[in-house]
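Accompanying notes for the structure given below.
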Protein chains: 2
Amino acid sequence: MGSDTGHLSILGYDPYKYYPGRGPFEALGAGIKLKPGDVAFRCNLATVNDENRVVDRRAGRISSEEAAELVESLLEVKEVDGVEILLKHTVEHRCVLVLRNGVSDKVSDVDPHKDDVDLLWPRPLDSSREAVRTSEVLTKLLKRYRMILEKNPINVRRREKGLQPANMLLPRGAGKMPELPSLSSRYGLKSAVVAGAALYKGVCSAVGMDVVEAPGATGTLNTDLNSKIKTAFGALKSYDFIFLHIKGADTAAHDKDPLTKASFLERVDAALKKNFEPPSDEFIVCITGDHTTSSLTGEHRGDPVPVLIWGHGVRVDSVNRFNEVDAARGAIGRIRGLDLMNILMDLMNRTEKFGE
Amino acid sequence: MGSDTGHLSILGYDPYKYYPGRGPFEALGAGIKLKPGDVAFRCNLATVNDENRVVDRRAGRISSEEAAELVESLLEVKEVDGVEILLKHTVEHRCVLVLRNGVSDKVSDVDPHKDDVDLLWPRPLDSSREAVRTSEVLTKLLKRYRMILEKNPINVRRREKGLQPANMLLPRGAGKMPELPSLSSRYGLKSAVVAGAALYKGVCSAVGMDVVEAPGATGTLNTDLNSKIKTAFGALKSYDFIFLHIKGADTAAHDKDPLTKASFLERVDAALKKNFEPPSDEFIVCITGDHTTSSLTGEHRGDPVPVLIWGHGVRVDSVNRFNEVDAARGAIGRIRGLDLMNILMDLMNRTEKFGE
């Protein structure tokens with residue numbers, strides 16, 4: 001399960017039906033208004049050597065500040081062979097690329113998804129004219145980006161300091177935005193998202209949720225948890241349903257750093273305790289994850305995630321610790337992500353009886 | 001759940017989509033190469049009285065040796081009304097019958113599936129010419145088999161000793177082999193089976209797995225467990241995935257003999273402990289069953305089976321006894337057989353991420 005497909009699932013959208021690739025969600029989250037036909041990619045600023053071998057997919061975990069400035073320098077390329085180019089930095093090494101005008105999403109990933117292998121030049125994934133054209137335009141674009149990035153003073157400085165230069169853009173996850181029925185039309189909920197990272201705002205925007213900004217929300221380990229949780233509870237005054245996304249534990253697990261993961265979760269516990277302000281007796285809270293991330297492999301796993309639901313009228317079981325192993329003994333049992341929204345809707349007394 | 005459908009499930013093949021009846025799998029396992037259009041039946045050597053009432057579906061649990069010799073005497077019938085006849089003994093009272101040339105699998109079971117009732121002469125299950133012809137040919141064939149078996153010296157001796165004669169063949173489970181996608185094409189695993197009984201080799205062959213023979217593997221309670229487990233671990237040097245089937249506990253439960261079942265399981269424990277040789281740190285082992293067999297009813301049951309998965313990076317829960325009741329409290333929860341291969345593939349780090 002990816003983060004995008006995982007979020008679609010727990011919001012009640014079958015990813016086998018609705019998933020368009022990650023690019024479009026990331027673009028939406030970054031505030032790019034996609035037009036019909038636009039093709040969006042998720043990109044990493046990366047380090048490649050002279051033979052186009054990927055040395056570091058994350059350019060030595062370059063800072064958001066340096067990455068933003070590097071991406072700024074790429075904005076001079078507005079068009080390639082009649083295809084309009086939109087590019088936007090999001091967080092750390094991440095950015096979003098959108099191609100507009102006669103393009104196809106049937107184009108392969110440039111990002112090889114691991115270090116120490118060659119980057120993969122774009123290939124058309126079907127025989128359409130648009131797919132061939134898109135891969136040609138993308139190849140030209142990436143070569144121009146490479147030239148601009150190599151000369152950028154930030155990279156010159158990084159090389160001098162012995163740091164990895166961010167000298168290439170690696171697009172992946174080409175996709176066009178599908179028509180998604182809105183959360184309000186499906187569930188009758190006025191809803192919003194509080195999140196730091198672009199992807200989660202993007203998924204939620206795609207299903208018609210509002211984005212409520214929390215000051216200091218970064219989508220990384222240094223996020224302002226108090227601000228995010230306060231903002232979420234505050235937003236419950238204006239919304240029926242708030243989705244609060246907290247990213248840090250996943251980030252630490254991707255870095256194979258279980259101790260940082262544990263201490264981050266302890267910070268979440270403390271911040272939740274400090275700022276927990278149910279707006280009414282009817283308030284229901286659900287705490288869960290979109291997927292397991294293994295600190296051992298640094299990758300997502302299919303292992304189930306714990307689910308906690310708390311509130312007036314919610315069945316109480318004998319589990320009193322929130323973790324994967326204890327939760328497995330709980331009264332919810334093992335459910336599918338797609339079941340979650342229906343369960344929550346029911347506990348909010350918002351389901352319609354099927355039959356009499 | 002049958003043993004064949006159960007095995008299809010835990011290997012990741014939806015039996016509602018892929019199950020062709022038990023006959024074809026049994027034939028494959030017995031080493032008969034099925035041609036397109038062949039119809040295969042699973043058969044018991046049975047005892048019937050002069051009114052064709054089934055006295056004992058298993059002919060007094062006749063030995064493999066006597067059964068093999070009786071089946072040998074039936075091979076003189078090579079053809080009935082232009083339909084070619086193939087017959088092969090497997091284990092104990094069991095054998096496989098294949099009809100070839102213009103036949104249909106739409107023909108009813110002759111085996112009534114219980115004792116003390118009349119055998120059921122074959123009936124066509126649709127109105128096709130082939131189905132009518134097949135049931136007519138099968139009826140003629142069974143009557144000829146009856147005459148041959150009654151005169152066989154083995155049966156004369158058995159009657160003299162007061163034993164049930166094996167004087168009839170009871171076919172059931174007519175089926176044609178479907179096209180099954182191979183396990184290697186679906187999962188990218190080079191895989192093999194270690195099993196005693198024909199059926200399990202047959203199911204695994206049908207999905208393209210190799211058959212690795214273990215000396216002394218009989219598919220009954222007297223099997224050589226040490227040999228089977230050693231063979232399975234040895235085969236891991238050449239294969240990514242080994243399916244080891246152990247039959248005895250099921251056999252004892254079918255005989256409503258829970259004490260023999262328990263002592264057989266203790267022998268499995270001991271043999272596993274003695275011969276457990278993980279070939280690498282990445283080795284994952286899963287122990288489970290294809291279905292419950294109740295020692296009370298002597299029949300298969302829909303009750304869930306315990307599943308144990310052990311290996312590097314596999315989540316550890318608080319269950320430390322492998323049985324149905326303790327396992328129900330475990331972190332795996334209640335899953336479907338069809339989910340198992342995906343879970344194992346994930347724990348082997350062999351799944352592709354869906355989304356990012």
Side-chain angles (χ1 to χ4, degrees), chain A residues 1-9 15-16 18-26 41-42 44 94 109 111 113 172-175 199 202-203 254 256 290-307 318-319 321 323-330 332-336, chain B residues 10 12 14 186-189 278 280-286 288 303-356:
Chain A
M1 192 59 90
S3 296
D4 38 18
T5 47
H7 276 86
L8 280 175
S9 286
Y16 291 108
Y18 292 113
Y19 182 57
R22 188 158 176 172
F25 286 155
E26 193 86 2
F41 302 80
R42 198 174 178 237
N44 278 11
R94 301 180 189 92
D109 287 359
D111 184 347
H113 294 264
R172 67 179 188 270
L199 177 68
V203 174
H254 276 299
K256 304 187 189 180
D290 54 328
H291 57 75
T292 293
T293 309
S294 165
S295 294
L296 198 70
T297 62
E299 300 294 339
H300 295 187
R301 273 245 150 133
D303 285 329
V305 293
V307 178
S318 61
V319 177
R321 291 154 57 96
N323 60 58
E324 288 80 357
V325 171
D326 285 291
R329 291 185 297 108
I332 297 175
R334 183 165 179 156
I335 59 171
R336 296 199 171 256
Chain B
I10 60 178
D14 184 350
R186 295 185 99 182
Y187 298 109
L189 295 172
S280 76
D281 285 349
E282 289 173 343
F283 173 70
I284 302 263
V285 64
C286 171
T288 188
D303 285 329
V305 293
V307 178
L308 176 161
I309 308 175
W310 177 94
H312 187 61
V314 177
R315 193 171 279 174
V316 175
D317 61 22
S318 60
V319 178
N320 49 22
R321 291 153 58 94
F322 183 66
N323 60 57
E324 288 78 357
V325 172
D326 284 290
R329 291 186 296 108
I332 297 174
R334 183 165 178 154
I335 58 170
R336 296 196 169 257
L338 274 178
D339 296 327
L340 185 63
M341 276 301 290
N342 286 336
I343 290 171
L344 295 179
M345 286 291 289
D346 189 59
L347 293 171
M348 289 187 277
N349 301 316
R350 281 171 173 270
T351 38
E352 263 181 65
K353 191 155 48 168
F354 175 47
E356 292 242 357

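What you see is a predicted model, and the numbers here were worked out from it, not measured in a lab. All chains are named by letter (A, B, ...) in the order of the sequence lines, taking the proteins before the strands, and each is independently numbered beginning at 1.
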Crowded around [X] [atom1]? As in, over 12 foreign heavy atoms under 6.0 Å?
X: A/His113; atom1: NE2; answer: yes
X: B/Asp281; atom1: CG; answer: no
X: B/Phe354; atom1: CZ; answer: yes

Kindly compute the distance separating [atom1] ([X]) from [atom2] ([Y]), expressed to the nearest 0.5 Å.
X: A/Met1; Y: B/Thr351; atom1: CE; atom2: OG1; answer: 11.5 Å
X: B/Arg315; Y: A/Ser294; atom1: CZ; atom2: OG; answer: 9.0 Å
X: B/Lys353; Y: A/Thr5; atom1: NZ; atom2: OG1; answer: 8.5 Å

Name the member of B/Asp317, B/Val316, B/Ile332 that forms the most heavy-atom pairs with chain A at distances under 4.5 Å.
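Sorted descending by pairs with chain A, the first entry is B/Ile332.
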Locate the shortest heavy-atom distance separating [X] from [Y]; write the atom from each residue and the value.
X: A/Arg301; Y: B/Asn349; result: NH2-OD1, 2.7 Å
X: A/Ala328; Y: B/Gly330; result: CB-O, 3.9 Å
X: A/Arg329; Y: B/Ser318; result: CD-OG, 4.4 Å
X: B/Gly355; Y: A/Tyr19; result: CA-OH, 3.2 Å

Residue part contacting chain A, namely of B/Leu347, when any heavy atom lies under 4.5 Å:
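Contact with chain A is through both the backbone and side chain of B/Leu347.
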Proximal component of A/Thr292, with respect to chain B [non-hydrogen, under 4.5 Å]:
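Side chain of A/Thr292 only, per the 4.5 Å heavy-atom cut-off to chain B.
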Measuring heavy-atom distances to chain B, does A/His291 have an atom under 4.5 Å in its side chain, in its backbone, in both, or in neither?
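The answer is neither part of A/His291.
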I'd like to know whether A/Arg334 forms a salt bridge (charged side-chain N to carboxylate O under 4.0 Å, His left out) with B/Asp339, so could you lay out the CA-CA distance, the side-chain angles of the two residues, the decisive distance to 0.1 Å, and finally the verdict.
CA-CA 13 Å; A/Arg334 183 165 179 156; B/Asp339 296 327; over 6 Å; no
